[in-house]
Asker: 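Input: one structure, supplied below.
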Amino acid sequence: MIRYIDEVEITNKKVLVRVDYNVSFKKDGTINDDTRIKNSLPTLQLLLKGNNALILMSHLGKPKGRDMAFSMKPVVERLQTYFPDYKIGLVNDFLTDSALADASSAKASKTIFVLENTRFYEGEKKNDPIFSKQLANLAEVFVDDAFGSVHRAHASTVGVASFLASYGGLLLKQEVAMIKKVIEAPQRPVVAIIAGAKVSSKIGLIEKLMNVADYVLIGGAMTNNFLKAKGMEIGKGLVELDFIPEAKRLLDLAATEKKHIILPIDRRIGVKTDEQSAPTIKKVEDIGIEDETLDIGPETEKLFADIILQAKTIIWNGPVGYFENPQFAKGSIAIFNAIISNPSAVSVLGGGDTLSVIKKLPNKDKITHISTGGGAMLELIEKGTLPGLEALNK
């Protein structure tokens, strides 16, 4: 059983905290959205209240070696704005920086240390035990609050927990409790909206959700696999030919078990790069070989909305259209509007692209829970546990 930091007393310790500061950036190099930083604040504030010295670590992007384009420096600068009474110190290389050695001096100088990008080190993604021990040597206690990374068996999420007393943070606690609630004890009907580009990465998820959900609504380019499995023309859209049999198996399974996989009945057609021309609307049976389908159509929006409005539990992952072009974000926005129009439902949504769709929309407070970890959320639903959670369970 995972112990969380609000269930134990952690005081006067050097605490190594795994946070998820894998933020996105604007073209000018400034942080685009600091939600992940803000979400870590309750855990950090509780630990500081216990007079602990904090050492934070996170990955950022996908650097190949020590690439300073992926430095934590902008994150440190933003974190400083939330802790004006503390000095936020960036540790360029924790293996050589002696400032980390003395916890009492860190507390006296009111310094919060942030390690440079964990992926600058080869041992991180390999979950190398030597590297894990080097991280663990920095502290007396390990706290994992990085839900967005607990599905990865890396040194900073799994390996370090072998060497220290380990606990979950407040964000991790909230995420796990909320996702398990909608899977293990949901109110019915349960509606899951699963979309995105590739069906290959979501076959297991869809199959698991068919055991949980009364309706599974399919959108995005992965729709093509299911329509193709029914022998329909899909135009020039992305399709994973190797997975058409899997899509057919799921459709047959749904029919056998009286579950409902709901596919779009009409689609918006256009050109990805054309933001001016209005899309053409076609029923799925009328799609031509040259058509590029980029969003669900208005009839599908109504079909999906009617089902969502009856739900008591809603799970949503993945935009149903090519949302980067506003012409093809309409279907995803319609789904969001349907969800917030159902106040009696518990709603959980997640995934980076899903969050990008709703970022500027009003009424996000009407969503019960917006998950910070798309991949972690999906894997927790599918598998029931994650490597980082198992590490805290030991």
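All values reported here derive from a predicted model rather than from experimental measurement.
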Asker: Would you find a donor on one side and an acceptor on the other, under 3.5 Å apart, between the side chain of E124 and the backbone of N127?
Answerer: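 A pair under 3.5 Å: no.
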
Asker: Any chance you could measure L115, atom CG, to R18, atom CZ, to the nearest 0.5 Å?
Answerer: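 One gets 10.5 Å once the value is rounded to the nearest 0.5 Å.
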
Asker: What heavy-atom pair brings Q187 and V190 nearest, and what distance separates the two atoms?
Answerer: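 For Q187 and V190, the tightest heavy-atom pair comes out as O-CG2, 3.5 Å.
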
Asker: Of the non-hydrogen atoms in I2 and E7, which two are nearest, and what is the gap between them?
Answerer: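 Closest pair (atom of I2, atom of E7, distance): O-OE1, 4.1 Å.
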
Asker: Do N39 and T372 get their side chains close enough for a donor-acceptor pair, meaning under 3.5 Å?
Answerer: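 No, no side-chain donor-acceptor contact under 3.5 Å.
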
Asker: Please list, one pair per line, the donor and acceptor atoms closer than 3.5 Å that link side chains of residues 49-58 to other protein atoms, with sequence neighbours excluded.
Answerer:
from: N51; atom 1: ND2; to: N12; atom 2: OD1; distance (Å): 2.6
from: N52; atom 1: OD1; to: N12; atom 2: N; distance (Å): 3.1
from: N52; atom 1: OD1; to: K13; atom 2: N; distance (Å): 2.8
from: N52; atom 1: ND2; to: I10; atom 2: O; distance (Å): 2.9
from: N52; atom 1: ND2; to: L47; atom 2: O; distance (Å): 2.8
from: S58; atom 1: OG; to: V19; atom 2: O; distance (Å): 3.4
from: S58; atom 1: OG; to: Y21; atom 2: N; distance (Å): 2.9

Asker: Do T300 side-chain atoms and I265 backbone N/O form a donor-acceptor pair below 3.5 Å?
Answerer: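 The answer is yes, because a donor-acceptor pair under 3.5 Å joins these two groups.
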
Asker: Can you measure from NZ (K38) to OH (Y82) and round to the nearest 0.5 angstrom?
Answerer: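 So the NZ of K38 and the OH of Y82 are separated by 4.5 Å.
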
Asker: Considering only distance and modelled atom types, tabulate donor-acceptor pairs under 3.5 Å from the side chains of residues 63-71, sequence neighbours left out.
Answerer:
from: R66; atom 1: NH1; to: N92; atom 2: O; distance (Å): 2.9
from: R66; atom 1: NH1; to: N92; atom 2: OD1; distance (Å): 3.4
from: R66; atom 1: NH2; to: N92; atom 2: O; distance (Å): 3.4
from: R66; atom 1: NH2; to: Y121; atom 2: OH; distance (Å): 3.2
from: D67; atom 1: OD1; to: A69; atom 2: N; distance (Å): 3.0
from: S71; atom 1: OG; to: K73; atom 2: N; distance (Å): 3.1
from: S71; atom 1: OG; to: E116; atom 2: OE2; distance (Å): 2.8

Asker: Does a sphere of radius 6.0 Å around CD in E275 hold more than 12 heavy atoms from other residues, nucleotides or ligands, not counting ones at 6.0 Å or beyond?
Answerer: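 For E275, atom CD is crowded (more than 12 foreign heavy atoms under 6.0 Å).
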
Asker: Between S149 (side chain only) and A146 (backbone N and O only), is there a donor and an acceptor less than 3.5 Å apart?
Answerer: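 Not a single qualifying donor-acceptor pair exists.
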
Asker: For residues T223 and V284, determine if any side-chain heavy atom of one lies less than 4.5 Å from a side-chain heavy atom of the other.
Answerer: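 T223 vs V284: side chains apart.
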
Asker: Quick one, I281 and P298 - any side-chain contact, counting heavy atoms below 4.5 Å?
Answerer: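 In short, these two side chains touch, coming nearer than 4.5 Å.
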
Asker: Donor-acceptor pair, D274 side chain versus S277 backbone, under 3.5 Å?
Answerer: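 Side chain of D274 to backbone of S277, a donor-acceptor pair under 3.5 Å: yes, one is there.
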
Asker: Any non-hydrogen side-chain atom of N337 less than 4.5 Å from a side-chain atom of N363?
Answerer: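 No, side chains not in contact.
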
Asker: Give the cluster check for M210 versus F226: same hydrophobic cluster or not, with ILVMFWY residues linked at side-chain heavy-atom distances below 4.5 Å.
Answerer: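 Yes, M210 and F226 fall within the same hydrophobic cluster.
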
Asker: Does a sphere of radius 6.0 Å around NZ in K364 hold more than 12 heavy atoms from other residues, nucleotides or ligands, not counting ones at 6.0 Å or beyond?
Answerer: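 Enclosed.
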
Asker: To the nearest 0.5 angstrom, please state how far the NZ atom of K125 sits from the OG1 atom of T118.
Answerer: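 That separation rounds to 10.0 Å.
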
Asker: Specify the closest pair of heavy atoms between K312 and S344, including all atoms of both residues, with the distance to one decimal.
Answerer: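 For K312 versus S344, the nearest heavy atoms are NZ-OG, 3.6 Å.
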
Asker: Minimum heavy-atom separation for K236 to E290, with atom names?
Answerer: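 Closest heavy-atom pair between K236 and E290: CE-O, 3.2 Å.
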
Asker: With sequence neighbours left out, write down each residue that passes side-chain hydrogen bond (donor to acceptor under 3.5 Å, both in side chains) with T35, or none if nothing qualifies.
Answerer: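 So T35 forms a side-chain hydrogen bond (donor to acceptor under 3.5 Å, both in side chains) with D33.
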
Asker: Could you state the interatomic distance from CE (M72) to CG (N22), rounded to the nearest 0.5 Å?
Answerer: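 Those atoms lie 8.5 Å apart.
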
Asker: Please test R188 against D214 for salt bridge (charged side-chain N to carboxylate O under 4.0 Å, His left out), starting from the C-alpha separation and ending with a verdict.
Answerer: CA-CA 8 Å; R188 297 195 174 278; D214 301 286; 3.1 Å; yes

Asker: Count the heavy atoms of every other residue, nucleotide or ligand shown that sit under 6.0 Å from CD of E285, and state whether that count exceeds 12.
Answerer: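 Enclosed.
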
Asker: Would you find more than 12 non-hydrogen atoms of other residues, nucleotides or ligands less than 6.0 Å from K283 atom NZ?
Answerer: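 At most 12 heavy atoms, drawn from other residues, nucleotides or ligands, come within 6.0 Å of this atom.
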
Asker: In plain terms, say whether D85 and K110 are close enough for a salt bridge, that is, a side-chain N and a carboxylate O under 4.0 Å apart.
Answerer: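 Here D85 does not pair with K110 in a salt bridge, since their nearest N and O are not under 4.0 Å apart.
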
Asker: Hydrogens and angles aside, do R152 and T157 bring a side-chain donor and acceptor to less than 3.5 Å of each other?
Answerer: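 Short answer, no.
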
Asker: In the structure I gave you, are the side-chain heavy atoms of L209 and N211 within less than 4.5 Å of one another anywhere?
Answerer: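 Heavy-atom side-chain distance check fails, nothing below 4.5 Å.
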
Asker: So do the side chains of E246 and N225 get within less than 4.5 Å of each other, counting heavy atoms only?
Answerer: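 They are not in side-chain contact.
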
Asker: Would you give me the side-chain donor-acceptor pairs under 3.5 Å for residues 373-386, sequence neighbours excluded?
Answerer:
from: E379; atom 1: OE1; to: K383; atom 2: NZ; distance (Å): 3.4
from: T385; atom 1: OG1; to: E390; atom 2: OE2; distance (Å): 2.7

Asker: So, do Q134 and F94 sit near enough that their side-chain heavy atoms are less than 4.5 Å apart?
Answerer: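 SC-SC contact between Q134 and F94 confirmed.
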
Asker: With the 4.5 Å side-chain cut-off for hydrophobic clustering, are I234 and V199 part of the same group?
Answerer: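 Yes; V199 is reachable from I234 via cluster members.
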
Asker: Using the rule salt bridge (charged side-chain N to carboxylate O under 4.0 Å, His left out), only one of E301, E299, E292 pairs with R268; which is it?
Answerer: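 Of all the options given, the one that passes is E301.
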
Asker: Do I314 and N342 make a side-chain contact, defined as non-hydrogen atoms from C-beta onward lying under 4.5 Å apart?
Answerer: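 The answer is yes; the side chains approach within 4.5 Å.
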
Asker: Does a side-chain heavy-atom distance below 4.5 Å link V176 with Y4?
Answerer: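 A side-chain contact under 4.5 Å exists here.
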
Asker: If we ignore hydrogens and angles and just use 3.5 Å, is the side chain of S166 paired with the main-chain N or O of L164 as donor and acceptor?
Answerer: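 Here the side-chain-to-backbone pair exists.
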
Asker: Say whether L217 and L251 are linked into one hydrophobic cluster, either directly or through other cluster members, by side-chain heavy-atom distances under 4.5 angstrom.
Answerer: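 No, L217 does not connect to L251 through the hydrophobic network.
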
Asker: Tell me whether I206 shares a hydrophobic cluster with I183, the cluster being built from Ile, Leu, Val, Met, Phe, Trp, Tyr side chains joined at under 4.5 Å.
Answerer: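 Yes, I206 connects to I183 through the hydrophobic network.
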
Asker: Can you list everything that forms a side chain to side chain contact (heavy atoms under 4.5 Å, CB included) with N137? Sequence neighbours excluded, please.
Answerer: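 Result, side chain to side chain contact (heavy atoms under 4.5 Å, CB included) vs N137: K133.
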
Asker: Using residues 315-324 as the side-chain source, report each donor-acceptor pair under 3.5 Å to any protein atom, sequence neighbours left out, with the distance given to one decimal.
Answerer:
from: W316; atom 1: NE1; to: G318; atom 2: O; distance (Å): 2.8
from: N317; atom 1: OD1; to: K202; atom 2: NZ; distance (Å): 2.9
from: N317; atom 1: ND2; to: G350; atom 2: O; distance (Å): 2.9

Asker: Out of curiosity, does M178 fall in the hydrophobic cluster containing I193 (side-chain heavy atoms, cut-off under 4.5 Å, transitive links)?
Answerer: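 Shared cluster, no.
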
Asker: Of the non-hydrogen atoms in T313 and A345, which two are nearest, and what is the gap between them?
Answerer: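 Distance-wise, the nearest heavy atoms are N-CB, 4.3 Å.
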
Asker: Calculate, to the nearest 0.5 Å, the distance between atoms CG and CG belonging to L172 and D20 respectively.
Answerer: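 Going from CG on L172 over to CG on D20, the span is 11.0 Å.
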
Asker: Does K259, at its NZ atom, have more than 12 non-hydrogen atoms belonging to other residues, nucleotides or ligands within less than 6.0 Å?
Answerer: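 Above 12, so yes.
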
Asker: Of all heavy-atom pairs between P264 and F304, which one has the smallest distance, and what is that distance?
Answerer: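 Here P264 and F304 meet closest at N-CZ, 4.3 Å.
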
